[in-house]
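Naming convention: chains lettered A, B, ... in sequence-line order (proteins, then strands); numbering from 1 in each chain.
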2 protein chains.
Amino acid sequence: MSSDKLADFVSVNSWQIRKDFSYFGDFGTRGVGYNIENLARQIKKILNLDAVHKTALVGVGNLGSAVLAYPGFGIYGFCITAAFDSDPAKVGRKMNSVSIEDISQLNTLGKREVDLAIIAVPEQYAQEVADALVKAGIKGILNFSPRRINVPKKVKVITIDIATDLARLPYYIPSS
Amino acid sequence: MSSDKLADFVSVNSWQIRKDFSYFGDFGTRGVGYNIENLARQIKKILNLDAVHKTALVGVGNLGSAVLAYPGFGIYGFCITAAFDSDPAKVGRKMNSVSIEDISQLNTLGKREVDLAIIAVPEQYAQEVADALVKAGIKGILNFSPRRINVPKKVKVITIDIATDLARLPYYIPSS
DNA sequence: CTATGTGAATTTATTCACAGCA
DNA sequence: TGCTGTGAATAAATTCACATAG
């Protein structure tokens, strides 16, 4: 497939596609274009997505349940292999074939080859959960709480704050 | 408060703070710093966040319920005044003092001064929901489905794809 | 001939350093 | 004296145009 067609898919220009790819290598064939299958494989390798990443979920409330039920993780090689909550009524139950464990069991993650975690707890507990995750050897955290969490810089945190994202919209709409 | 202190809060340099602010006006006082209250007011005005924005939620599953229960919208002036679902078992019930209406009622949003909407439905329905929202006069959409949705360019869409955000993490962690 | 890959030109963003105001 | 606001210098990203490979 040509860079022109790829560009259409993501609404950018063809030269942006080619230039960006060129920073990482020569993925295409001149006169022909890009082989999609090979391209996907190369990009996955660059993004370190070519192996399965075991992921832990902390907080099985509404948001956590939505994450557990989310069907879109597989294509990137993510697998949620552990879920934690502090509510005794939830601990021991299963959701989407994942057993919910007590929050005190976070320290077992290191031995279970889990390297990523998703924080979906009320914001006031976000920092202490993050501390426990770091202590357990987690390397990356997806943080759904609107609170800034402090971690050693060897640990990567990506925060999704729903309210802040929503707050970007009004700027683009004419004030009524 | 000085630009130095503000910079610390968001982990950037003080000159970035000052330069960015300067593009929109003179908010500070030389030798003193910035008045936080006034600064917040000015920024809210620039981002068009100084009035209440009525917001509709479409899809009251796990994710939608989490959004409804989310306590962080108030400070930005958002108010979820309508919720929709296609499940007859949910329609008519109340969640967080918002009545759940049938999805067929989306066309009433225009008359109700709702200008923003949050899409939290399974991805295969995202486009048709977006179409209905546009027809009802919605100006901005926060899309939680991983699908690219097409809207007229007068409508602003911001997409949050959980899997894509999670997929950014492995790049930063050393491959095991 | 077609479509990539990349130097060069252009535009945009970041960083610096300091004049100017409280 | 202290801190802002901003021109000037530097760096980075984007866009262009085309040589080059298939």
Without decimals, in angstroms, what is the distance between [X] [atom1] and [N] [atom2]?
{"X": "K5(A)", "N": "dT2(C)", "atom1": "NZ", "atom2": "P", "value": "13 Å"}
{"X": "D8(A)", "N": "dA3(C)", "atom1": "CG", "atom2": "P", "value": "13 Å"}
{"X": "R30(A)", "N": "dA21(D)", "atom1": "CZ", "atom2": "P", "value": "7 Å"}
{"X": "D26(A)", "N": "dA19(D)", "atom1": "CG", "atom2": "C1'", "value": "15 Å"}
{"X": "D4(B)", "N": "dG5(D)", "atom1": "CG", "atom2": "P", "value": "14 Å"}
{"X": "Q16(A)", "N": "dC16(D)", "atom1": "CD", "atom2": "C1'", "value": "12 Å"}
{"X": "M1(A)", "N": "dT4(C)", "atom1": "CE", "atom2": "C1'", "value": "16 Å"}
{"X": "L39(A)", "N": "dA3(C)", "atom1": "CG", "atom2": "P", "value": "16 Å"}

Polar contact flag, side-chain donor to acceptor under 3.5 angstrom, D131(B)-Q127(B): yes

D161(B)-T159(B) side chain donor-acceptor pair, cut-off 3.5 Å: no

Contact nearer the 5' end of DNA chain D, comparing S3(B) with K19(B): S3(B)

Nearest-neighbour nucleotide for the W15(A) side chain, dT14(C), dC16(D), dT4(C) considered: dC16(D)

Closest to side chain of N13(B), choosing from dT4(C), dA22(C), dT15(C): dT15(C)

Residue closer to the 5' end of DNA chain C, Y23(A) versus R18(B) (nearest nucleotide): Y23(A)

Sugar-phosphate, base or nothing in reach of F27(B), heavy atoms under 4.0 Å: sugar-phosphate

Does atom [atom1] ([X]) have a neighbourhood of more than 12 heavy atoms from anything else shown, all under 6.0 Å?
{"X": "R112(B)", "atom1": "CZ", "result": "yes"}
{"X": "E37(B)", "atom1": "CD", "result": "no"}
{"X": "Q105(B)", "atom1": "CD", "result": "yes"}

Any Y34(A) side-chain N or O less than 4.0 Å from OP1/OP2 of dT2(C): no

